[in-house]
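Have a look at the structure below, then the notes.
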Amino acid sequence: CSESDCTFHADHCGICKDEYGRNLQQTNSSNQLPYEDPESTLDLDPMESSFSIVIDDVVKQTIRVNLVDFQAIPEPNSYADTQKSPLKARWDESMREEWEALLKNDTFETISRFDKRVRGRKPTKSRWVYKIKIARDGTIERFKSRFVVCGYSQQYGVDYDRSFSATLRATSFRTLLAIAAGKRLRLMHFDVSNAFTQANMDEHEVYIEPPKGKETYETVKGKTFSKLLLLKRALYGTKQASRLWQNTLCEFLQSYHFERSTADPCIFRLSSGDNEIILGIYVDDIIVAYRGNAFFSKFQAAFFGRFPGKPEKLSWFLGMAIDQHEDYTIHLNHELAISKLAEKWIPNNYVTRDCPTPTAFVKLEKALDDMERAKVKQTDYASLVGALLYISVMSRPDIAMHTSLLAKFLSDPSIECVDAAIILLQYLHSTRKKRLYYSGKSHVPSGLERNSEDIMGNSGFVAFSDSSWGNKYPYPMFGYSVYLFGSLVSFASKQLKTVAFSSCEAEYAAASFACKEIEFVRQICRDMGVHLHGRLVLGVDNTASIDLAHDVGVSGRTKHYDRAIHYLRDLTQLRRVLPTYVNTHQQRADGYTKALDKSTFNKWVAHLLS
């Protein structure tokens, strides 16, 4: 560089920045690593224990990339790819660590391919799986290799019989956060290393092919064969591994006197006086909410004495950033996942464009002809909608209705559907800093002041339900929102599977489905030590449906109602739910049922997100 004070590895001058940007753009377009250019000034030695990549004008001794550059670092699809990679040393090291961990856990034994136990059995296939783990700040956390079994080649009744295992529900997860904020519990995250291999195999013997690069050979009749592995512990990829791990973990927790939730089997609770521990389990990721340092420390020592792993403050869970502050309030967002999606799906000149409200969702239709279907096939519509659905279900209730509509066209999407999905992603990207907020403070929503005693006496529990009727669809949309300790813990936007002949019937049915969720939340709250008593308030903006819930009887307009949608009336008569009128403008489930105008939409979102 002609600039005398320019040090490229520390602080780019304007000339170097421009040149570096052009080189990086050319490199990315050719699908090559940004540091493979032999003339590149980036400092790289893959044989060293650490190396530097210059991004954002700073030298980092651990690899640091922004989202665009991360797309240029390929994840190998096979063992052969790792041997060709410029990061071969890193992948070899990660495979060595994985293999040593498996040997330490006594995961398998090596046997001859001609052992009498193997006769008549077809060995199960196996492979290496590679992943670059990204931290919440966008840095590369580590290179991860995992030896897995190809479960699709297992035979039912021979290699396994039962494979089901439960996972933590999204509603349970958010309810746990709300209770942690409301009861002033500290949050931790337990990450178990090689979790599945902590569980012993069941009575089924599973023989697998060894992984590439780790074979042991034998010579029989002048020919060389690789030996097989007989699993002694559950291994990733086997159909029964998750179930066996869950059973092993549950046995340990129950031996420690934890009580398992009957509503959600992935919730456990232990209490002693003022001390309390609540666990939420998603496979090998465990959320811990606790009060009482000594009480918790004793359990933590026992847990990691049984299962190797590491405890850390909860900050990253299933792709979500979670922040608990000193005052116990919690923020939850998907900013990094949204940014990665935008980089993949939105052209660069559109990424920075603001999209304050999602639109173009009113007139979606299926593809008209094969020509349109051929154009849509060029885009991975199902992948995009699946990613949007996950973000919606976990942390962005404001797009629940939109993703629900997009999912209806997965089998035959039109170009308008693809455009609508991109517009929705643009909206998410423009509002990616919006978060779910758990304050832990109960309050009475506007419009329900007359029910303040019922709400405040039940930890701020209140629900809203709403339904659309009279649009062009025979099955109306319905939705609900459930709040606890002043924060949103459950929400949904779905299509009613009943043809409604009136707005009363549509609202009545929507409230009945909301009652099912209310009862579920009541049960998991009880299992987490929060008891909701008496009548729980349900805000409905239709007086006819409220009257119908209070009045037991059959009339000409109700005689055709399905038994299922009378659940609202049943809970009302049992005094477990109190349906209460709320004005449409104060209806917090309104945005789940229809496309709102910009002003109304923004006011509605303000009640959901911070």
Would you find a donor on one side and an acceptor on the other, under 3.5 Å apart, between the side chain of [X] and the backbone of [Y]?
X: Ser392; Y: Thr403; answer: no
X: Asn602; Y: Lys598; answer: yes
X: Ser468; Y: Met477; answer: yes
X: Ser512; Y: Tyr508; answer: yes
X: Ser430; Y: Gln426; answer: yes
X: Trp604; Y: Arg588; answer: yes
X: Thr580; Y: Leu578; answer: yes
X: Ser493; Y: Tyr592; answer: yes
X: Ser383; Y: Asp380; answer: no
X: Trp245; Y: Val283; answer: yes

Do [X] and [Y] have side-chain atoms, one donor and one acceptor, less than 3.5 Å apart?
X: Arg435; Y: Ser395; value: no
X: Ser490; Y: Glu517; value: yes
X: Tyr427; Y: Asp398; value: yes
X: Ser165; Y: Ser242; value: yes
X: Thr329; Y: Asp327; value: yes

Any chance [atom1] of [X] has more than 12 other-residue heavy atoms, nucleotides or ligands included, within less than 6.0 Å?
X: Arg526; atom1: CZ; result: yes
X: Glu453; atom1: CD; result: no
X: His443; atom1: NE2; result: yes
X: Lys494; atom1: NZ; result: no

Enter the distance from [X]:[atom1] to [Y]:[atom2] here, rounded to the nearest 0.5 Å.
X: Phe478; Y: Met401; atom1: CZ; atom2: CE; value: 14.5 Å
X: Ile287; Y: Leu318; atom1: CD1; atom2: CG; value: 7.0 Å
X: Asn200; Y: Arg233; atom1: CG; atom2: CZ; value: 5.0 Å
X: Gln198; Y: Phe252; atom1: CD; atom2: CZ; value: 12.0 Å
X: Leu428; Y: His402; atom1: CG; atom2: NE2; value: 10.0 Å
X: Ser465; Y: Leu568; atom1: OG; atom2: CG; value: 7.5 Å

**Q.** Intermediate values then yes/no, salt bridge (Lys or Arg N to Asp or Glu O under 4.0 Å), Arg576 and Asp570
**A.** CA-CA 9 Å; Arg576 295 177 67 83; Asp570 295 343; over 6 Å; no
Q | Stacked cation flag Arg169 on Phe520, 6.0 angstrom / 45 deg | A | yes
(Q) Is the terminal nitrogen or CZ of Arg291 (NZ for Lys, CZ for Arg) located under 6.0 angstrom from the six-membered ring centre of Phe296 and within 45° of that ring's axis? (A) no
Enumerate donor-acceptor pairs with a distance under 3.5 Å from any side-chain N or O in residues 174-188 to protein atoms, sequence neighbours excluded.
unit_1: Arg174; atom_1: NE; unit_2: Val489; atom_2: O; d: 3.0
unit_1: Arg174; atom_1: NH1; unit_2: Val393; atom_2: O; d: 2.6
unit_1: Arg174; atom_1: NH1; unit_2: Met394; atom_2: O; d: 3.1
unit_1: Thr175; atom_1: OG1; unit_2: Thr171; atom_2: O; d: 2.7
unit_1: Lys183; atom_1: NZ; unit_2: Glu276; atom_2: OE1; d: 3.1
unit_1: Lys183; atom_1: NZ; unit_2: Glu276; atom_2: OE2; d: 2.8
unit_1: Arg186; atom_1: NH1; unit_2: His325; atom_2: O; d: 3.1
unit_1: Arg186; atom_1: NH2; unit_2: Glu326; atom_2: O; d: 3.1

Q. Using 30° and 60° as the class limits, which term best fits the ring planes of Tyr483 and Phe464: parallel, tilted or perpendicular?
A. perpendicular
**Q.** Validation row, ring centre Phe299 to ring centre Phe258 under 6.0 Å
**A.** yes
Q. Ring centroid separation for Phe295 and Tyr290, is it under 6.0 angstrom?
A. no
ring-ring contact (aromatic ring centres under 6.0 Å, His included) partners for [X], two or more places apart:
X: Phe147; value: Trp128
X: Phe173; value: Phe317
X: Tyr236; value: Phe196
X: Tyr328; value: none

Q | Counterpart residues, side-chain contact (heavy atoms from CB on, under 4.5 Å), relative to Ser442 (two or more places apart) | A | Met456, Phe485
**Q.** Partners meeting side-chain contact (heavy atoms from CB on, under 4.5 Å) with Gln586 (sequence neighbours left out)
**A.** Ser446, Val582, Asn583
What pair of heavy atoms forms the shortest contact from [X] to [Y], and how long is it?
X: Gly447; Y: Glu449; value: N-OE1, 3.0 Å
X: Leu596; Y: Gly591; value: CD1-CA, 3.7 Å
X: Cys266; Y: Thr167; value: SG-C, 3.5 Å
X: Leu406; Y: Cys417; value: CD2-O, 3.7 Å
X: Cys250; Y: Phe268; value: SG-CZ, 3.5 Å
X: Ala263; Y: Asp527; value: N-OD2, 3.5 Å

Q) Restricting to pairs with a member in residues 298-315, which pass side-chain hydrogen bond (donor to acceptor under 3.5 Å, both in side chains), not counting sequence neighbours? A) His189-Glu312
Non-neighbouring partners of [X] that pass side-chain hydrogen bond (donor to acceptor under 3.5 Å, both in side chains), sequence neighbours left out:
X: Asn542; answer: Ser545
X: Lys433; answer: Glu335
X: Arg522; answer: Glu519
X: Gln154; answer: Gln240

**Q.** From CA spacing to verdict: ring-ring contact (aromatic ring centres under 6.0 Å, His included), Phe513, Tyr480
**A.** CA-CA 8 Å; Phe513 284 105; Tyr480 55 76; 8.7 Å; no
(Q) Would His331 and Tyr438 count as a ring-ring contact (aromatic ring centres under 6.0 Å, His included) here? Give the steps. (A) CA-CA 6 Å; His331 280 104; Tyr438 296 90; 9.1 Å; no
